[in-house]
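The next block holds one structure in the form of structure tokens; read it before the comments.
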Amino acid sequence: MAAIERVFSGVQPTGNLHLGNYLGAIVNFVKLQNTHNCIYCVVDLHAITVWQDPVELTRNIREVTAAFIASGIDPKKHIVFNQSQVAEHAELAWVLNCVARLGWLNRMTQFKEKAGKDRENASVGLYAYPNLMAADILVYRATHVPVGEDQKQHLELARDIAQKFNNDFADSIRAHGLEEKFFPQPEPLITGPATRVMSLRDGAKKMSKSDPSDYSRINLSDEADAIAQKVRKAKTDPEPLPSEEKGLEARPEADNLVGIYAALSGRSKADVLRDFGGGQFSSFKSALVDLSVDKLGPIGAEMKRLTQDPGYVDAVLVDGADRARAIAAETMHAVKDIVGFIRKK
Ligand code: AQP
């Protein structure tokens with residue numbers, strides 16, 4: 001069972017899929033299809049670590065799937081599915097719960113941010129979330145994981161868990177004739193046009209699905225009017241745009257908008273500033289509206305078309321899950337042998 005170069009990544013179906021998810025993750029998912037075997041997952045088990053209305057959750061699973069396909073992911077050549085259809089994710093997560101250490105999870109900043117002051121009331125699932133994420137990746141023995149900057153720490157934890165499993169069970173891995181590095185070290189791919197897109201209302205906060213203000217983000221499902229309104233209302237500062245990138249330092253809102261323009265147009269920030277430097281935000285914002293509508297409009301329209309055909313979307317997920325399960329089951333059989341469980345052979 002040789003490890004091959006395989007990409008795995010996931011997006012939570014928690015509603016309000018936004019420009020940050022698109023530029024930080026989905027754009028890279030699309031590119032990697034040319035060079036790798038890719039598995040893209042709608043991580044519904046992760047979503048329920050905070051309360052989800054069941055009807056909304058079903059709708060959101062279909063919406064993320066539609067966003068994948070509308071953005072250019074090919075579910076026939078690669079694998080697209082929702083996590084809960086492949087039981088091996090949860091099964092491996094339990095084994096990894098017993099490998100990961102409490103001290104490691106206590107350091108996870110995302111749990112601290114999401115649990116906030118009401119930590120005692122957070123779900124156990126939210127705390128164990130990074131172990132499930134490690135299982136998602138390792139159950140496919142994936143070698144590359146494209147994510148936004150905010151997921152870096154979880155990826156490092158997945159690497160630590162993989163290494164500890166390989167070390168703890170080294171004798172058993174050898175005894176079963178398996179590769180010494182049974183779980184490969186997954187490489188984070190934090191690359192691409194915008195690894196951290198910030199809120200349109202506050203340049204110090206990342207653009208996020210759970211921000212109570214819809215004006216903080218551009219949703220992939222937004223119509224042209226909504227995109228225009230949000231960009232026009234986006235927070236800026238009173239200075240004109242600088243002519244050089246250095247001038248964006250300490251100006252987080254300007255930096256973010258220029259970064260979004262650069263990412264959407266496939267240019268560098270320096271290049272964008274050559275066109276807009278010295279000008280007022282109003283004309284830059286008009287150009288950003290046109291560009292955003294031009295790039296995101298067709299994706300939003302295709303998402304709408306696809307979500308009106310839930311039968312098609314669900315069939316894509318079932319087919320993807322069947323193919324994912326075949327890979328995951330092979331890993332899980334080996335894990336059971338390594339750990340010492342008895343199974344039907
Ligand atoms: N602002 C962002 N900039 C760049 N990349 C981002 N990602 C998320 N926000 C940004 C990346 O998108 C992928 C999917 O994210 P997710 O849905 O699994 O979870 P998340 O990081 O929790 O997304 P949100 O929007 O930030 O949700 P909430 O509000 O619940 O915290 C990941 O690769 C992520 O890095």
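In listed order, ligands and their atoms are each counted from 1. Computed from heavy atoms alone, side chains included, the values below leave out hydrogens, waters and symmetry copies.
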Taking only residues two or more places apart in sequence or in another chain, which ones pass ring-ring contact (aromatic ring centres under 6.0 Å, His included) with [X]?
X: H36; answer: H144
X: F284; answer: Y261, F276
X: F68; answer: F29

Open item on the list: Just by distance, no angles: are the side chains of E88 and T331 close enough, under 3.5 Å, to form a donor-acceptor pair?
Closed with: no
Open item on the list: Please tell me whether N106 and Y127 have a donor and an acceptor in their side chains that are separated by less than 3.5 angstrom.
Closed with: yes
TODO: Quick one, list the residues around ligand 1 where some non-hydrogen atom comes in under 4.0 Å, by chain and residue number.
DONE: G10, V11, Q12, H18, G20, N21, G24, A25, K114, V147, G148, D150, Q151, A194, T195, R196, V197, K206, M207, S208, K209, S210
TODO: Check whether NZ of the Lys or CZ of the Arg R62 lies under 6.0 Å from the centre of the six-membered ring of Y312 and within 45 degrees of that ring's axis.
DONE: no
